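Worksheet: one structure, shown below.
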Amino acid sequence: MIHIVKKEVSKTRDKILIRVGAVLAALVLSSIIVAFAGANPIELYIGIFQGCFGSIHRFGATIEKMVPLLVLSLGVMVAFKMQFWNIGAEGQFLMGAVGATLVVRLLPNLPLPIMLLCMALLAFIFGAVWLMIPAFFKARFGTNETLFTLMLNYIALTFVTALQYDFWKDPAANGMPKIANLPGNALLPSISGFNLSILFTVIIILVMYFFMNKSKIGFEITVLGESENTARYIGINITKTVIIAAMVSGGLCGLVGMFQISGVSGALSIEITGGLGFTAIIVAWLSGLKVPFVVMNSFFFAILLQGASYIQTAFQIPGSVAEMVQAIVLFFILGSEFILQYRITSDKKKREVA
Amino acid sequence: MNNDYVVKMKNITKVFGKVKALDHVEFSLKKGEVHAILGENGAGKSSLMNVLNGIYMPDEGSVEVKGQVVNISSPKDALDLGIGMLPQHYKLVEAFSAIENIAAGSRRTTPFLNKKKILDEMGKLIDKLGMDIEPFKKVYEMSVAEKQSLEIFKVLYRGADVLILDEPTAVLTPQEIENLFGIIRRMVSNGCSVIIITHKLEEVMEISDRITIMRKGTTIQTVKKSETTPQELAGMMVGDVMELNVPFLEVERGEKSLEVKSMTAIDRNKVTILDNVTFDLYAGEILGVAGIAGSGQKELCEGIAGLYPIKSGEVVFEGENIVGKTPEKIYEMGISLSFVPEDRLGMGLVSSMDIIDNVLLKDYRNKKGLGISRVVSRGKAELLVEKLNVSTPGIENHAVSLLSGGNIQKILLGREIALDPKLMITAYATRGLDVGSSQIIYELLNAQKAKMKPIMYIGEDLDVLMSLCDRIMVLCEGKVTGIVDPRKTSKESIGLMMSGVMDEGEEQ
């Protein structure tokens with residue numbers, strides 16, 4: 001019999017070697033597929049690089065993909081740190097966008113700064129409430145938050161569908177099921193493709209770094225996540241901590257909803273999330289729930305996303321091939337995590353140890 | 001009863017690391033008998049049975065089952081030989097009914113569930129044993145006793161005729177225990193043999209035919225019930241008083257600091273876990289608390305610290321009743337609790353954090369504002385490492401879980417002492433420590449006592465309790481069975497009190 005055994009902590013040098021090896025292996029395997037699709041792999045990889053950094057405009061597009069993913073990952077990270085498995089970033093994202101849109105619909109004539117502030121505030125609240133519901137039920141009745149938050153995604157999605165196809169349908173869109181575009185006073189100002197959400201994101205990164213590493217509540221969240229018993233023994237108010245963590249986690253995800261409609265899509269629709277709420281889970285996890293690594297990995301993922309969309313148009317290869325390249329790289333990186341943490345032994349050896 | 005031996009274990013030795021869990025143990029089980037294994041915690045009772053059940057492989061020795069030398073390497077092997085062990089924590093699927101739980105994993109089950117067939121077989125067994133199992137009742141609707149019956153039934157259904165019960169009565173009410181004993185007797189009269197692990201003397205005297213006493217990994221003796229007395233058993237269980245190098249410090253005891261008046265608490269299963277506990281604690285004394293594990297020690301500590309709900313009674317500290325205050329408030333009043341759980345971590349320390357952060361756990365609230373600062377904690381951590389001689393590669397970025405048990409305990413205790421509490425409650429402070437590390441901990445406690453601090457010390461080792469403490473309070477099933485002066489009491493009589501026999505001459 002073959003057994004999988006947990007390894008001791010690897011050395012930093014081994015970690016780097018294994019990760020670099022994984023990326024290289026992924027690129028080799030991708031090359032085969034790309035070659036079958038009729039493109040030159042080397043050119044393609046250079047293409048990905050150019051697609052992400054080749055011009056100010058393209059770099060802007062990369063950053064635009066990074067911003068929502070980064071903030072979502074930070075949000076997810078807070079909940080994960082407490083071992084509260086928030087799989088509902090997708091739903092909180094959508095509900096945040098609903099909250100922001102609601103401000104515009106109720107008070108369409110606010111001046112731009114106040115408008116943006118109100119939109120951000122309501123987006124935060126909507127996202128926060130969307131996660132505080134399962135948090136409350138978990139703290140009070142011990143429900144399973146994984147299922148609960150997952151299900152709330154579908155409720156949020158269906159709710160936005162109903163808004164788009166019925167309640168908030170734009171009468172001026174000739175029967176097209178879409179929600180009206182936001183007016184100019186509700187759009188984030190931008191300079192050559194870089195909109196104001198980037199500045200907000202920088203602030204969020206700094207605040208979250210302080211929150212997770214230097215604040216009392218962040219410390220309490222970490223302790224609670226590590227051991228509920230210890231939290232109880234040192235007198236942490238568990239319900240309060242859970243609710244605050246859920247508020248921050250859901251709130252950040254909700255805020256992304258505002259960034260996205262106000263900075264990128266220009267209107268609320270069921271397509272705005274693009275599955276980023278789920279990708280954020282991978283980013284947060286790969287980053288070991290540490291803020292600097294979340295920033296780094298979000299950037300890496302943004303390159304994959306932007307690179308894939310660029311090579312589709314530049315090399316005329318099918319979108320599915322670009323997605324395969326993306327998936328293979330991801331698969332190898334995730335696979336290398338396994339090698340970093342476990343080793344495989346045979347039965348005989350284990351007996352001797354035991 | 002005939003003299004056929006169904007199980008013979010010879011010369012069994014099992015070593016974990018440096019600890020000898022079993023040291024040349026002999027054990028035999030006759031056909032059709034109830035054989036009790038008696039011993040304190042850590043005597044090796046469960047380890048021995050885990051060897052028989054195939055969970056541990058012995059390092060030395062042989063096991064004979066029904067006359068043949070066998071090699072049992074898994075519980076499945078054991079079951080093939082007719083040996084079934086009832087787990088201490090039941091392993092049932094909550095959402096399944098009784099019959100589904102029985103069918104699950106049984107090799108007699110066909111791919112498609114033939115409920116009628118199982119039901120017939122169940123009916124026969126139920127009649128034979130007089131068990132009370134409703135086949136279609138879901139497990140989550142069952143009481144603890146019903147779950148236990150179901151577990152017993154499951155093992156029997158799979159063809160076991162040697163049944164091992166590990167502390168089966170710990171979670172049962174007296175009536176349910178009677179019921180269980182009825183089932184055991186009927187099983188025996190149907191040809192089964194039963195091994196029962198316990199530390200309750202009265203139960204041993206009631207149910208068993210023979211008794212094997214274990215202590216510190218060795219068998220002391222196997223006796224027939226008809227030829228022994230509870231007193232003799234208690235004596236063998238605790239052993240002779242050992243000379244330990246635990247210094248007793250002579251201190252003139254001061255004022256009364258803590259007064260606990262008829263404290264009563266119930267647990268989740270509505271079982272009374274603390275029953276009218278009353279005692280005083282004075283400045284400059286160490287009050288030992290002795291008792292078999294699970295006699296209410298944990299609930300007593302947590303009850304005083306505000307972590308366990310108290311149903312009735314008072315806890316008066318410095319003239320104020322603290323029942324109902326939050327743990328935070330009680331901690332601020334100067335009551336410190338350091339509880340070393342079985343796995344050492346998880347109650348008071350965070351295993352993945354470094355020493356600084358673990359010191360910070362008790363410090364971070366003292367700083368005003370939203371932030372935390374590690375400056376003060378760093379200084380304290382450095383001092384703690386230096387003063388208590390903690391061996392660690394560093395106080396930063398080195399998780400405490402990577403340290404040895406002794407060092408972890410020094411950090412936990414050292415942190416509490418550094419806070420200069422008014423009252424120290426410490427439980428199992430030397431659990432699993434070697435002699436040297438234990439010595440340091442005793443000295444720390446004595447130093448606190450010399451500073452006229454009241455200390456409550458919950459311990460496992462009677463020898464240590466007897467030489468360290470001014471008085472010993474004995475708990476049994478949540479009741480105080482005696483508060484005695486260890487210098488005027490024999491170890492044997494404390495052993496009896498631990499087993500539920502009340503102290504006659506209450507010296508208080």
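Because the structure is a prediction, the values reported are computed rather than measured.
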Heavy atoms of other groups near [X] [atom1], more than 12 under 6.0 Å:
X	atom1	result
A/Leu17	CG	yes
A/Tyr209	OH	no
A/Phe293	CZ	no

Minimum heavy-atom distance between [X] and [Y], given as atom pair plus value:
X	Y	result
B/Pro327	A/Gly235	CB-CA, 4.4 Å
A/Phe219	B/Asp357	CZ-O, 3.6 Å
A/Val223	B/Met353	CG2-CE, 3.8 Å

Rounded to the nearest 0.5 Å, how far apart are [atom1] of [X] and [atom2] of [Y]?
X	Y	atom1	atom2	answer
A/Tyr233	B/Lys362	OH	NZ	10.0 Å
B/Arg365	A/Ile234	CZ	CD1	6.0 Å
A/Thr222	B/Leu361	OG1	CG	10.5 Å
B/Tyr364	A/Ile236	OH	CD1	4.0 Å

Exercise for the section: Measure B/Leu360 against the heavy atoms of chain A and call it side chain, backbone, both or neither at under 4.5 Å. Expected result: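 Answer is both: backbone and side chain atoms of B/Leu360 are under 4.5 Å from chain A.
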Exercise for the section: With a 4.5 angstrom heavy-atom cut-off, could you sort out which part of A/Phe210 is near chain B: side chain, backbone, both or neither? Expected result: side chain
Handout entry: Portion of A/Asn213 that has a non-hydrogen atom of chain B nearer than 4.5 angstrom
Key = backbone
Problem - Main-chain N/O of B/Gly369 paired with A/Lys216 side-chain donor or acceptor, under 3.5 Å - result: yes
Problem - Main-chain N/O of B/Leu349 paired to A/Thr230 side chain as donor or acceptor, under 3.5 Å - result: yes
